[in-house]
Amino acid sequence: MKFSRRIVYVYSVIVIVPLLFLLLVIARLNGREEFSILEEECSKESMLIMDHISSVGESFDLIKKMVDANSKLLLYLVLPNEASEDYVIDTVVSETGVMEQLLSVMPEIYAVRFFTSNSSVPERWPVFLNKNRTDVTSLRQFEFDYVADYMGNQESLMEPSFVTTRQITYSGRDAGYLQIAVKMNEAFPFLYARENKYKNDYLLYKIPDEIWLPFENEKVLSVQGKMPPNLYKEIMKAKASDPRIDVRAGNFIYKNEGKHHIVSWNEIPRMNLIQIHTCSLELISRSLRHLIEIMILVIIAVSLLFYALVHYASHRLMAGVYSLMEGMKKVKDGDFSVQLAINGRDEVAETQDVFNSMTSQLTAQIEQIKNEQSLIADTEMKAMQNQINAHFLYNVLETIRMQAELADQSDISESITVLGKMMRYCLRWRIHRVTLEQEAEYVRSYVYILNIRNDYIISLQIEIPDEFSSVEIPKMFLQPLVENAFTHAIEPLGQDAVIRITAEQKGDKIELAVQDFGPGMDQETLDKIKAYLADDTYERDSKGSIGLKNIQQRLTMFYGPDYRVRIKSEKGKGTTIIVPIPGVK
């Protein structure tokens with residue numbers, strides 16, 4: 001393990017690990033405290049909601065008691081036929097006034113209605129109504145979202161309400177029904193508004209057969225959402241947790257959609273209601289996240305400070321080692337001329353001196369290798385220049401002799417001129433690079449000589465854009481490809497033929513292509529040549545496809561291993577040799 005890495009590990013153990021442990025302890029203690037606070041807050045809020053609902057029930061009971069104590073009113077409702085007309089009118093007016101005064105004293109009460117089955121009692125809207133106006137007997141003791149649709153066009157008296165409907169009697173005789181109403185959003189304001197998104201309120205009401213149902217309407221659902229089924233199950237489980245007693249309140253934690261909630265619930269028996277208040281532990285998580293973020297920032301700041309101190313101290317103590325490491329990195333990147341400044345007389349200084357000696361030796365060896373490669377390149381070039389063998393020169397000179405006997409002096413002069421250009425081009429041994437235009441001109445001369453030798457015509461098509469004319473390439477790069485096309489595709493057929501040379505920029509490379517339209521190669525032959533070219537073993541033999549092999553070797557030498565000769569051939573359609581060179585930027 002590297003020394004610098006050991007320092008980092010020790011630093012982590014000594015500084016960061018204790019800080020992280022401290023963070024976990026603080027977060028855990030804070031989380032417990034936050035949980036206790038949230039649980040207490042949730043219980044208090046639940047109690048306040050229960051007190052509000054109970055106060056509505058108390059208002060209902062108070063009004064019922066007041067009505068039961070009003071013997072004048074009850075007597076009137078039971079025996080209206082025995083009273084005079086003036087008494088009836090006076091009673092109706094006075095009692096209506098009493099109810100209106102009651103509503104002003106108790107603003108939470110929305111409406112008080114009397115339904116009488118005695119037709120002799122005149123209706124006095126909106127207090128005294130005939131029982132035939134609605135089916136009062138079918139109503140439960142408590143109804144939600146009750147709408148007095150029998151009030152005609154008096155919309156202000158038809159708002160959805162929470163009502164209690166109770167039968168009233170006097171001396172054992174039926175006096176009718178008393179109905180007391182409170183607006184829904186005033187009876188249960190907690191259902192119609194949320195303090196924040198982390199808290200929810202729900203309400204269960206009991207129907208016959210001891211069945212509890214959640215109260216939900218469109219408005220409540222839009223505010224609170226649907227009561228989770230697992231929450232309902234947990235409430236029922238809590239109520240039945242102890243069969244010896246009637247459990248009517250409690251707190252517990254439940255999980256819904258991956259999130260935990262504190263639940264505080266209370267049953268209100270006289271109204272057959274269960275009020276439920278939930279607080280998401282996201283409130284605690286959010287607080288803990290803020291605390292952890294602050295602690296992490298503190299840890300990062302402390303870590304950076306310690307890192308700076310350790311880095312400074314280690315740099316002062318190990319400056320020589322670091323300089324040696326930097327020198328090694330430069331050598332790795334290819335800079336072999338690097339020399340280190342030697343400070344002191346210790347082991348590090350001795351290592352620096354050895355390093356300097358090593359880089360000097362490497363530089364000398366690399367220079368020697370370059371010279372050897374240059375010599376090899378010169379030798380290869382001379383070998384290429386000798387590829388126009390004596391037999392070829394003999395045939396050319398024999399052709400010129402025949403021209404002297406059979407043709408005009410101008411033909412002989414032209415042939416000698418072309419031959420001279422070719423020989424001057426080949427015999428310039430010290431010139432290894434030529435322009436693409438110079439190489440193309442040499443190919444033209446070569447094809448001209450071929451046409452003199454043969455009784456058929458080779459048409460040369462050179463399609464090289466002007467911007468590529470000055471691009472430099474290795475000497476004798478295209479002529480071997482043209483010679484291959486002549487030897488393998490044209491000469492065996494002995495008939496007029498075409499050789500096409502093109503240059504095209506593709507990406508960051510220029511692709512030079514020499515194409516013939518001869519018999520082509522079968523797949524087996526093509527595969528053998530490709531395998532031969534793919535073998536990067538240095539080739540000295542002059543047999544086989546030495547022209548292509550030599551071009552591939554020079555491609556690698558001049559431009560690197562990414563530049564590879566490609567061959568395309570199809571039986572009966574000809575062959576194309578593609579040679580890539582660096583493109584024009």
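Residues Pro228 and Tyr202 are in side-chain contact: their nearest non-hydrogen atoms beyond the backbone lie under 4.5 Å apart. For the pair Lys44/Ser264, no side-chain contact is recorded, criterion being any heavy-atom separation below 4.5 Å from C-beta on. Here the side chains of Arg140 and Asn272 are not in contact, with every heavy-atom distance at 4.5 Å or above. Between Ile262 and Glu41, every side-chain heavy-atom pair lies at or beyond the 4.5 Å cut-off. Using a 4.5 Å cut-off on side-chain heavy atoms (C-beta onward), Glu257 and Lys259 make no contact. Contact annotation: the side chain of Lys239 approaches that of Trp212 to within less than 4.5 Å [non-hydrogen atoms, C-beta and beyond]. Side-chain contact between Val182 and Ser59: absent, with no pair of heavy atoms (C-beta onward) separated by less than 4.5 Å. Leu62 is listed as a side-chain neighbour of Met106, based on a closest heavy-atom distance under 4.5 Å.
The backbone N or O of Val584 sits less than 3.5 Å from a side-chain atom of Gln505, completing a donor-acceptor pair. Within the 3.5 Å criterion, the main-chain N or O of Val220 finds a donor-acceptor partner in the side chain of Asn217. The main-chain N or O of Cys42 is never found under 3.5 Å from a side-chain atom of Ser46 such that the two would form a donor-acceptor pair. In this structure, the side chain of Thr164 engages the main chain of Gln141 through a donor-acceptor pair within 3.5 Å. With Arg194 contributing its side chain and Lys199 its backbone, the two residues share a donor-acceptor pair below 3.5 Å. Without hydrogens or angle criteria, Asn200 side chain to Gln224 main chain gives a donor-acceptor distance under 3.5 Å. Panel note: side chain Glu504, backbone Glu511; no donor-acceptor pair is recorded below 3.5 Å. Proximity of a side-chain donor or acceptor of Glu40 to a complementary backbone N or O of Ile37 within less than 3.5 Å is not detected. Between the side chain of Ser280 and the main chain of Thr278, no donor-acceptor pair closer than 3.5 Å is present. Under the 3.5 Å distance criterion, the side-chain polar atoms of Arg564 are left unmatched by any main-chain donor or acceptor of Leu555.
With a 6.0 Å cutoff to the six-membered ring centre and a 45° limit on the axis angle, Lys509 counts as a cation-pi contact of Tyr563.
Tested against His261 for a ring pair (Phe, Tyr, Trp, His ring centres under 6.0 Å), the candidates Phe252, Tyr198, Tyr254 yield a single pass: Tyr254.
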Quick one: do Tyr170 and Ile168 satisfy side-chain contact (heavy atoms from CB on, under 4.5 Å)? Show the steps, please. CA-CA 7 Å; Tyr170 182 72; Ile168 52 178; over 6 Å; no
Check against side-chain contact (heavy atoms from CB on, under 4.5 Å), Met236 and Ile274: CA-CA 11 Å; Met236 294 299 103; Ile274 295 178; 4.3 Å; yes
Go through the steps to decide whether Leu73 and Phe128 satisfy the test side-chain contact (heavy atoms from CB on, under 4.5 Å), and finish with yes or no. CA-CA 11 Å; Leu73 173 62; Phe128 293 98; 3.7 Å; yes
Working note: Thr359 + Lys330, criterion side-chain contact (heavy atoms from CB on, under 4.5 Å); need CA distance, chi angles, decisive distance, verdict. CA-CA 11 Å; Thr359 55; Lys330 291 181 180 179; over 6 Å; no
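Salt bridge Lys237/Glu234: present, at least one basic N to carboxylate O contact under 4.0 Å. Between Asp68 and Lys64 there is a salt bridge, with a side-chain nitrogen of the basic residue lying less than 4.0 Å from a carboxylate oxygen of the acidic one.
Asp353 CG to Ser357 OG: the interatomic distance, rounded to the nearest 0.5 Å, is 5.0 Å. We find the OH-CD distance between Tyr110 and Glu159 to be 4.5 Å, quoted to the nearest 0.5 Å. Atom OG of Ser222 sits about 11.5 Å away from atom CD of Glu216, to the nearest 0.5 Å. To the nearest 0.5 Å, atom CZ of residue Phe114 and atom CG of residue Leu77 are 7.0 Å apart. Going from atom OG1 of Thr165 over to atom CZ of Phe115 covers 7.0 Å, rounded to the nearest 0.5 Å. Here the CD1 atom belonging to Ile53 is positioned 11.5 Å from the CG atom belonging to Leu48, to the nearest 0.5 angstrom.
For Arg248 against Trp265, the heavy-atom pair with the smallest separation is C-CZ3, 3.5 Å. The minimum heavy-atom distance between Glu45 and Cys279, with the atom names listed, is OE1-SG, 4.1 Å. Ala175 and Leu74 make their closest contact through CB-CD2, 4.4 Å (heavy atoms, listed as atom of the first residue, atom of the second, distance). Between Val112 and Ile180 the shortest heavy-atom distance is CG2-CG2, 4.5 Å. Across all non-hydrogen atoms, the minimal contact from Met158 to Val147 is O-CG1, 3.3 Å. Shortest non-hydrogen contact noted between Ala249 and Asn266 is CB-OD1, 3.4 Å.
Ring planes of Phe215 and Phe144: parallel class, angle under 30° (limits at 30 and 60°). A perpendicular orientation is assigned to the rings of Phe162 and Phe188, their planes being inclined by more than 60° (bins at 30° and 60°).
Residue Lys568 places its NZ atom among 12 or fewer non-hydrogen atoms of other residues, nucleotides or ligands, all under 6.0 Å distant.
No side-chain N or O of Tyr150 forms a donor-acceptor pair with one of Asn132 less than 3.5 Å apart.
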